[in-house]
Number of protein chains: 2
Amino acid sequence: MKLLTRDTDYAVRALLAMAARKSMVAVSDLVIELKIPRPFLRRILQRLTKADVLGSLKGKGGGFVLKREPAKISLVDLMAIFQGPVQLSECLFKKKICPNRKTCPLRSEISEIEDFALTKLRSITIAKLLRK
Amino acid sequence: MKLLTRDTDYAVRALLAMAARKSMVAVSDLVIELKIPRPFLRRILQRLTKADVLGSLKGKGGGFVLKREPAKISLVDLMAIFQGPVQLSECLFKKKICPNRKTCPLRSEISEIEDFALTKLRSITIAKLLRK
DNA sequence: AGTAATGATACCATATTAGTATCATTTGTC
DNA sequence: GACAAATGATACTAATATGGTATCATTACT
Ligand code: FES
Ligand code: FES
């Protein structure tokens, strides 16, 4: 089971590169550095901009900048942006097996897994990854 | 993120039905009870048979029976059969970010998530689900 | 022999993921 | 103001995974 999709993966790499520079960067530059297909990377950065993780400047000399602190960008955030919210606790069996969700022992186990995963994933931030 | 795929889901339901009966059942009967498309269910049961969870008997009066104890059939087992082994700790970033896996702080966090999930999922067995 | 079952396998349909292409809009520079 | 260099928006194609179907061979009971 894949935990991260490729968008998320690329987003992390791009953010790491940008966090290292701190200044406005054009996609062209990042493409050279990261070797990610240009239009694909563009779309990813645009989504990050919409999500307010990046800021952008149009026109000549424009590009993208980090807008949020690296310590405040975690894997869950990025997963949420590119893969939808991390929720493993959706009813596994679509009501066929457990009659009511309140007393379902399955749900409680799954919820624990989710909580655990969320905590861990939240602790992995761009800042943390940068320190290496 | 979907934790279980539909095959797994259906497998659980079928196994529950079979565990309740304990005798040889033909697909036709299960189809009526479970309302799962017949050829699809057939393929699922065949895979379970290959995995030695079920036994089967060909020919008239044949069908499938539970071969393994309900307490020894867990969600991880079924996930492994239908979705491949549960391993979340595959290197997330394909070597681009962490130079060497041994000292990777990410890996340790992810491994913890995986261990936790595995333990929980292993504890959910057909027997346990049946007790309701 | 005939029939009712599974075994094996190939096939089709749909959804998700990965990646591309294009045109509009903004902005700095001459 | 014209031009060039950037992003914004969006629509499209390709590849893969999932969900589901169809078919024929094989086995076994009657
Ligand atoms: S599995 Fe859905 S409520 Fe228990
Ligand atoms: S993310 Fe792959 S080794 Fe750290």
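Just so we're clear, the structure is a prediction, and the values are computed from it rather than from any experiment. Proteins come first, then strands; the chains are lettered A, B, ... in the order of their sequence lines, and each starts at number 1.
- The distance from atom CZ of A:Arg47 to atom C1' of D:dT10 is 13 Å, rounded to the nearest whole Å.
- Straight-line distance from the NZ atom of A:Lys58 to the P atom of C:dT25: 8 Å, rounded to whole Å.
- One interatomic measurement links the two molecules: CG of A:Leu41 to C1' of C:dA21, which rounds to 16 Å at whole-angstrom precision.
- Atom P of nucleotide D:dG20 and atom CG of B:Leu34 are separated by 14 Å, given to the nearest angstrom.
- If you measure from atom CG of B:Leu45 to atom C1' of C:dA5, you get 13 Å, rounded to the nearest angstrom.
- Within residues 59-66 of chain B, the residues that place at least one heavy atom under 4.0 Å from DNA chain C are, in residue-number order, B:Gly59, B:Lys60, B:Gly62, B:Gly63, B:Phe64.
- When hydrophobic clusters are built by joining Ile, Leu, Val, Met, Phe, Trp and Tyr residues whose side-chain heavy atoms come closer than 4.5 Å, directly or via intermediates, B:Met24 is not grouped with B:Leu41.
- Atom-to-atom distance recorded for B:Lys120:NZ and A:Ser108:OG is 7.5 Å, nearest 0.5 angstrom.
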- Item | Contact state string [nucleotides 8-20 of chain C, B base, S sugar-phosphate only, - no protein heavy atom under 4.0 Å] | B--------SSBB
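- Residues A:Val65 and A:Lys22 share a closest heavy-atom pair of CG1-O, 3.9 Å.
- The backbone N or O of B:Val27 lies less than 3.5 Å from no partner atom in the side chain of B:Arg42, so there is not a single donor-acceptor pair.
- Residues passing the ring-ring contact (aromatic ring centres under 6.0 Å, His included) test with B:Tyr10 are B:Phe40, sequence neighbours excluded.
- Taking CZ of B:Phe64 as the start and CG of B:Leu15 as the end, the distance is 11.5 Å to the nearest 0.5 Å.
- Here the side chains of A:Ile36 and A:Leu30 are not in contact, with every heavy-atom distance at 4.5 Å or above.
- If you measure from atom CG of B:Asp29 to atom C1' of C:dT6, you get 14 Å, rounded to the nearest angstrom.
- Checking each of A:Thr8, A:Thr5, A:Asp7 against A:Gln83 for a side chain to side chain donor-acceptor pair (under 3.5 Å) leaves exactly one that passes, namely A:Thr8.
- A:Met1 places its CE atom 21 Å from the P atom of D:dT16, with the value rounded to the nearest Å.
- No donor-acceptor pair closer than 3.5 Å links the side chain of A:Arg38 to the backbone N or O of A:Val31.
- Applying the 4.0 Å criterion to OP1 and OP2 of D:dA6, one finds that A:Ser56 has every side-chain N and O outside that range.
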